[in-house]
Protein chains: 2
Amino acid sequence: MTTTTSSGKTMPESGYVPPSPPRNLFAVDLALRLLLLASTVSALVVLATSKQTKTLPTNSLPPFSFATRSAYFKDSPALIYLLVALSVGVLYSILTILASCFAITRPSPSPKLYFLLIVYDALMAGILASATGTAGSVAYLGLKGNSHVGWAKICNVYGKFCRHVGSSTIVTLVASILLVLLVILSSYSLYRRSH
Amino acid sequence: MTTTTSSGKTMPESGYVPPSPPRNLFAVDLALRLLLLASTVSALVVLATSKQTKTLPTNSLPPFSFATRSAYFKDSPALIYLLVALSVGVLYSILTILASCFAITRPSPSPKLYFLLIVYDALMAGILASATGTAGSVAYLGLKGNSHVGWAKICNVYGKFCRHVGSSTIVTLVASILLVLLVILSSYSLYRRSH
């Protein structure tokens, strides 16, 4: 039994051919990876531009009663780790966007690609999640201090610096969540194929 | 063409039946989960017993020239987060050990179980990795301090406390790596089934 369609054009996904599921999911994969690139690049830029220089009063007599002090991410090993993790994240998202573009054109991507993507996405998610924790911990100490060990808060002085570090940390958290979603997406694709 | 074996017994995995691969891999899965339970429990115990009380000299006159001070994980939100994450990790590993024991008896576990394990393992890996970063950042500050913002190191005073927190952080890192290995293992099992 044949059916003629009103449209004479040959469409790649007409109603009578079951749509190839991996292809559709790689469109979602590509969208998530583009979001990942956007989030890592923006977090990296916000962190790199966080330098704040302030002229603060000191206890000395004039003309030494003011001193120029800077807050910069290089002063904290935790923020250097965040910067390195974000740089790796940017490179990784560019590479996997290329892999995703390559796979989106195929009618049925290989299971090996899904497996490799799960492995590397899980590793990157771990790296970015630990960087989120590391920087978030320092940012919280900057915001609140810790009276038990006498660590004074610094965000009342370096407001712009703290806003940049805090925003960068939150966007890195979003990037880690995107990577966990990508792991779930790839494993769901493998799951559908394994029936 | 039939072949008779020298052994008359009916063995579940004789040489002429291909061995069921998911069953073998769930033995590895169970071993990794037992390691995960051991690491999270030990990290939790080490962190919970990290309290250190010291009698320190003060600047006051006698009889107030000494004061008793304590270092305890509850003084730091980062270490409270580590404790909560480790508690969730202990519960999670107990639950998934039960699931793994259930699956190890089956000749062929369902792909859905692998998919669910990947999803929850990836989430737990993210939680434990971020807790590692959070606590590691505070432990590093305790060890080295930060001269730029005037945060003094405390590990020269509270040595036992720092050793406990540091050990707990390192064991949590091991637990996160175990969870990433579990993600890789489950996705490899799905990959083998999807050929």
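Protein chains get the first letters and strands the later ones, always in sequence-line order, with residue 1 at the start of each. Because only heavy atoms are used, hydrogens play no part in the values below, and waters and symmetry mates are left out as well, while side chains stay in. Predicted model, so just to flag it, every value in this text is computed and none were measured.
Most heavy-atom pairs under 4.5 Å with chain B: of the set L141(A), V149(A), I177(A), this distinction falls to L141(A). Among the candidates P77(B), G126(B), A131(B), the residue making the largest number of heavy-atom pairs closer than 4.5 Å to chain A is P77(B). Ranked by non-hydrogen atom pairs under 4.5 Å with chain B, the options G150(A), A78(A), A152(A), G145(A) are led by A152(A). Across Y158(A), Y81(A), W151(A), the residue that shares the most heavy-atom pairs under 4.5 angstrom with chain B is W151(A). Here S130(A) is the residue among G136(A), S130(A), A135(A) with the most heavy-atom pairs under 4.5 Å with chain B.
Proximity of I118(B) to Y191(A): side-chain heavy atoms (C-beta onward) are nowhere separated by under 4.5 Å. Using a 4.5 Å cut-off on side-chain heavy atoms (C-beta onward), F115(B) and I184(A) make contact.
If you chain together hydrophobic residues whose side chains sit under 4.5 Å apart, I94(A) and Y120(A) fall into the same group. In terms of hydrophobic clustering, with Ile, Leu, Val, Met, Phe, Trp and Tyr side chains grouped at heavy-atom distances under 4.5 Å, L143(A) and V157(A) are assigned to different clusters. Hydrophobic clustering of Ile, Leu, Val, Met, Phe, Trp and Tyr side chains at less than 4.5 Å, counting indirect connections, keeps L37(A) apart from V46(A). L47(A) and I170(A) end up in different hydrophobic clusters when Ile, Leu, Val, Met, Phe, Trp and Tyr side chains are linked at under 4.5 Å. By the criterion of side-chain heavy atoms lying less than 4.5 angstrom apart, applied directly or through intervening Ile, Leu, Val, Met, Phe, Trp or Tyr residues, L98(A) is not grouped with F102(A); the two fall into different hydrophobic clusters.
No part of A125(A) comes within reach of chain B, as not one of its non-hydrogen atoms sits under 4.5 angstrom from that chain. K144(A) does not touch chain B: none of its heavy atoms, backbone or side chain, sits under 4.5 Å away. Looking at Y140(A), the atoms closer than 4.5 Å to chain B (heavy atoms on both sides) all sit in the side chain, from C-beta outward. Both the backbone and the side chain of D75(A) come within contact range of chain B, with heavy atoms under 4.5 Å apart. If you measure heavy-atom distances from I154(B) to chain A, the contacts under 4.5 Å come from the side chain alone. With a threshold of 4.5 angstrom between heavy atoms, T132(A) does not approach chain B through any atom at all. In this structure, chain B has heavy atoms under 4.5 Å from both the backbone and the side chain of S76(A).
To the nearest 0.5 Å, the span separating CG on L116(B) from OG on S187(A) amounts to 9.5 Å.
In terms of heavy-atom proximity, V183(B) sits nearest to A122(A) at CG1-CB, 4.0 Å. The heavy-atom pair separating R69(B) from H148(A) by the smallest distance is NH2-O, 3.0 Å. Taking each heavy atom of V138(B) and S137(A) in turn, the nearest pair found is CG2-OG, 3.1 Å. When all heavy atoms of T134(B) and G133(A) are compared, the pair lying nearest together is OG1-CA, 3.3 Å.
Counted within 6.0 Å of NZ on K153(A), heavy atoms from surrounding residues, nucleotides or ligands total 12 or fewer; the atom is thus considered open. More than 12 heavy atoms of other residues, nucleotides or ligands shown are found within 6.0 angstrom of OH on Y72(A).
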